[in-house]
Protein chains: 2
Amino acid sequence: MELFAEHGFEATTVAGIAERAGVTERTFFRYFADKREVLFAGEQHLEAVFVSAIAGAPADAPLTDLLVAALDAGGAALQDMRGREFARARNEIIGANEQLQERELLKLAKLSHSVASALVERGIADVPARLAGDLVVSVFSTAFARWVAADETRDLVELQRQGLTAINTLVRTETG
Amino acid sequence: MELFAEHGFEATTVAGIAERAGVTERTFFRYFADKREVLFAGEQHLEAVFVSAIAGAPADAPLTDLLVAALDAGGAALQDMRGREFARARNEIIGANEQLQERELLKLAKLSHSVASALVERGIADVPARLAGDLVVSVFSTAFARWVAADETRDLVELQRQGLTAINTLVRTETG
DNA sequence: CCTAGTGATGTCAGTGTCTGACATCAATGA
DNA sequence: TCATTGATGTCAGACACTGACATCACTAGG
């Protein structure tokens with residue numbers, strides 16, 4: 001993180017990271033699949049939180065409640081993980097490099113897929129489940145982008161709730 | 001495409017592609033930013049179709065109509081571009097490789113961003129515009145996945161309409 | 001106390017992607 | 001006729017990543 005913040009992602013070599021960590025390049029690649037993956041370790045934990053929230057909801061909970069539960073749990077977990085300042089620093093690094101954005105999008109796509117699977121487990125049909133998975137990820141990442149914005153002080157969970165409301169009115173209009 | 005289909009993306013070297021094309025490796029990289037980009041040329045055209053549909057809609061069109069217009073235009077354009085069989089072949093290659101999926105997700109994220117910008121141009125507020133951009137992309141890619149499925153024969157535009165309907169009922173339930 | 005095995009790390013050689021610098025060569029236009 | 005321009009080739013090199021093998025500390029069993 002220090003090296004990335006100082007010289008940028010591309011200008012930082014794996015040799016440099018390994019040296020700073022006191023290991024060889026080969027050892028680095030035994031811990032991380034590739035150079036980008038350093039910034040995405042522990043991502044599967046967040047995914048588990050989303051999924052657990054859905055799987056652990058009361059049996060009679062309507063779809064809405066499942067999505068809200070997943071977002072609340074996920075948002076809270078992310079906030080507790082390493083704090084907003086860490087998230088800001090990490091986000092700036094990722095925002096400056098397309099390779100990293102690609103990786104982040106892949107992680108989010110997997111999150112969407114996991115959420116969809118969890119919903120299918122609860123009897124939701126395939127297509128609505130996929131769309132709901134995307135919706136959850138959309139609300140999550142839009143709220144996250146706002147959460148790490150320079151002047152923002154509000155809670156991530158609160159911002160997610162606002163996002164859900166926005167989608168509601170957005171689609172409500174849609175009925176005409 | 002032939003080489004990728006035959007040996008897979010990773011096993012195909014740029015040297016091999018260049019040779020097949022009758023040029024040198026260096027020339028390949030003057031036409032494509034990297035090896036993956038070969039499969040994503042002409043993507044900006046599709047993006048333009050989505051944006052034009054929004055920008056060109058009647059001044060008094062409600063948000064719903066803008067999203068439907070964008071999806072109809074984009075779906076139709078994609079269908080007319082190179083046909084379903086080509087899309088299937090391309091999709092299979094991409095589905096077999098995570099690097100290519102990452103690139104595709106990046107392209108879709110850019111599409112979402114463009115759609116959101118086009119909506120902002122029409123006076124939609126920032127957050128709803130972003131969410132609507134994601135929604136359009138979600139409906140588009142979910143419908144696309146179904147469109148290229150093995151036994152599917154329905155129209156892409158029709159599948160997108162179904163997706164929109166699904167989101168409607170999905171969020172309608174949400175009101176309680 | 002010895003020893004065989006196990007896991008983490010180092011070493012090394014090699015492949016493949018991608019880039020910068022420079023050379024070549026054909027087409028174009030004054 | 002000649003300078004210019006654009007496309008391509010040539011070459012060397014940086015860097016990411018991998019497979020194969022060596023080393024070495026630690027541990028369990030005799």
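Below, read A as the first sequence line, B as the second, and so on, with proteins coming before strands; counting in each chain starts at 1.
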Full working for side chain to side chain contact (heavy atoms under 4.5 Å, CB included) between A:Leu67 and A:Val139 | CA-CA 10 Å; A:Leu67 306 187; A:Val139 170; over 6 Å; no
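Seen from the ring of A:Phe4, A:Lys35 does not count as a face-on cation partner, given the 6.0 Å and 45° thresholds. Geometric assessment of A:Arg36 against the ring of A:Phe9 yields a negative cation-pi assignment under the 6.0 Å and 45° thresholds.
Comparing the axis of the opening five pairs of the helix from C:dC1-D:dG30 to C:dA30-D:dT1 with that of the closing five pairs yields an angle of 10°, rounded to 10°.
Atoms CZ (B:Arg103) and C1' (C:dT17) sit 13 Å apart, rounded to a whole Å. In this structure, CZ of A:Phe32 is placed 18 Å from C1' of D:dT18, rounded to the nearest angstrom.
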Enumerate all atom pairs, one protein N or O and one N or O from nucleotides 21-28 of chain C, separated by less than 3.5 Å.
none

Using atom names, set out every protein N or O paired with an N or O of nucleotides 14-17 of chain D below 3.5 Å, distance rounded to 0.1 Å.
residue, atom, partner, partner atom, Å
D:dA16, OP1, A:Val14, N, 3.4
D:dA16, OP1, A:Lys35, NZ, 3.3
D:dA16, OP2, A:Val14, N, 3.2
D:dC17, OP2, A:Lys35, N, 2.7

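No hydrogens or angles considered: nothing links the side chains of B:Ser114 and B:Ser117 as a donor-acceptor pair under 3.5 Å.
Residue A:Tyr31 has a polar side-chain atom (N or O) positioned under 4.0 Å from OP1 or OP2 of C:dT9. One finds no side-chain N or O of B:Thr24 lying less than 4.0 angstrom from the OP1 or OP2 phosphate oxygen of D:dT8. The side chain of B:Thr27 contributes an N or O atom lying less than 4.0 Å from OP1 or OP2 of D:dG9.
Between A:Arg88 and A:Glu85 there is a salt bridge, since a side-chain N of the basic residue sits under 4.0 Å from a carboxylate O of the acidic one.
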